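Just follow the structure's listing: the first ligand is 1, and inside any ligand the first atom is 1. Computed from a predicted model, the values in this text were never measured in an experiment. Only heavy atoms go into these numbers, but all of them, side chains included; no hydrogens, no water, no symmetry mates.
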Amino acid sequence: MSTYSEIKKVTTHTLQEMKRDNVKISMLTAYDFSMAKILDDAGVDVILVGDSASNVMAGHETTLPITLDQMIYHASSVVRAVKRALVVVDLPFGSYQGNSKEALNSSIRIMKESGAHAVKMEGGKEVIESVNRILSAGVPVMGHLGLTPQSIYKFGTYVVRAKEKQEAERLLEDAKSLEDAGCFSIVLEKIPAFLAGEVAQNADIPIIGIGAGNKVDGQVLVLHDMLGINKDFHPRFLRRYADLYNSIHSAAAEYISDVKSGDFPNEKEQY
Ligand code: KIV
């Protein structure tokens, strides 16, 4: 069976076929050219230009401050690096909640100015009108349910969502509404694994999880977290694949010491 690694260009249709063939989808965030190039060369299926850029790139406490212009800047850098992956860009807080016309205009700006392939937005039934309007312009939309960080001040905390029956039922309904509206995929963040599995089983579109167990169609992680750049963030769902904080720290310390001692540059490293 194909693992889809031979696919030259991943599209929303490819993801649909991967779900049909039970091939798991890999997705990671990226915000700049150099990282996006490495991820694309490694064969990641989807690159998300997440509004988590607000945290990991700009140092804000939440995702709320990042602007549409800043997202377009990050997305354009990523698009310039990518040959194979599908590039999805988050609609940032304040760029779509006003009304569906605002949502459409923001999506059109992202698509035109960055060259990305799709947009992602947080929310369920309350964003359906916007999803419809964006789709009517031919822009693919990915949904995002469960822990939706743009609503952090409404939730008050980043704890696991939809543990209670009422919230779980609402999430199932929201997922159905997003699929019926035409979303090509949905991200489920930080919800019980059995609930995420139920959504994935009932849906014909790929469901991508983060902190949502492995009964879904694919996984996404924030790049800086999985690379161990951000050493103070260690939720249970995070697996670290590198320890870049310590690697970069020791490289920088060694460089500083070599400069101070006069060891760098040596005779071979000069003209
Ligand atoms: O912004 C982001 O990185 C995200 C992922 C956590 C899914 O939305």
Task: Close side-chain approach of L145 to V187, heavy-atom, < 4.5 Å - done: no
Report all N/O contacts between ligand 1 and the protein shorter than 3.5 Å as a table of atom names and distances to 0.1 Å; if there are none, say 'none'.
unit_1	atom_1	unit_2	atom_2	d
ligand 1	1 (O)	D51	N	3.1
ligand 1	1 (O)	D51	OD1	3.0
ligand 1	1 (O)	S52	N	3.0
ligand 1	1 (O)	S52	OG	3.3
ligand 1	1 (O)	D90	OD2	3.1
ligand 1	3 (O)	S52	OG	2.5
ligand 1	8 (O)	K120	NZ	2.9

Open item on the list: So, using side-chain contact (heavy atoms from CB on, under 4.5 Å) as the criterion, who are the partners of D258 when residues are at least two apart?
Closed with: E254, D263, F264
TODO: Please check if any side-chain donor atom of D51 sits under 3.5 Å from a side-chain acceptor atom of Q150, or the reverse.
DONE: yes
- [ ] Share the residues that join I152 in a hydrophobic cluster, the rule being Ile, Leu, Val, Met, Phe, Trp or Tyr side chains under 4.5 Å apart at the heavy-atom level.
- [x] L64, F93, L147, Y153, F155, Y158
TODO: Sort and list the pairs that fulfil side-chain hydrogen bond (donor to acceptor under 3.5 Å, both in side chains) and have at least one residue in residues 126-149, not counting sequence neighbours.
DONE: S100-E129, S100-R133, K120-H144, E126-R170, H144-E189
Task: H224 and Y31 aromatic centres sub-6.0 Å - done: yes
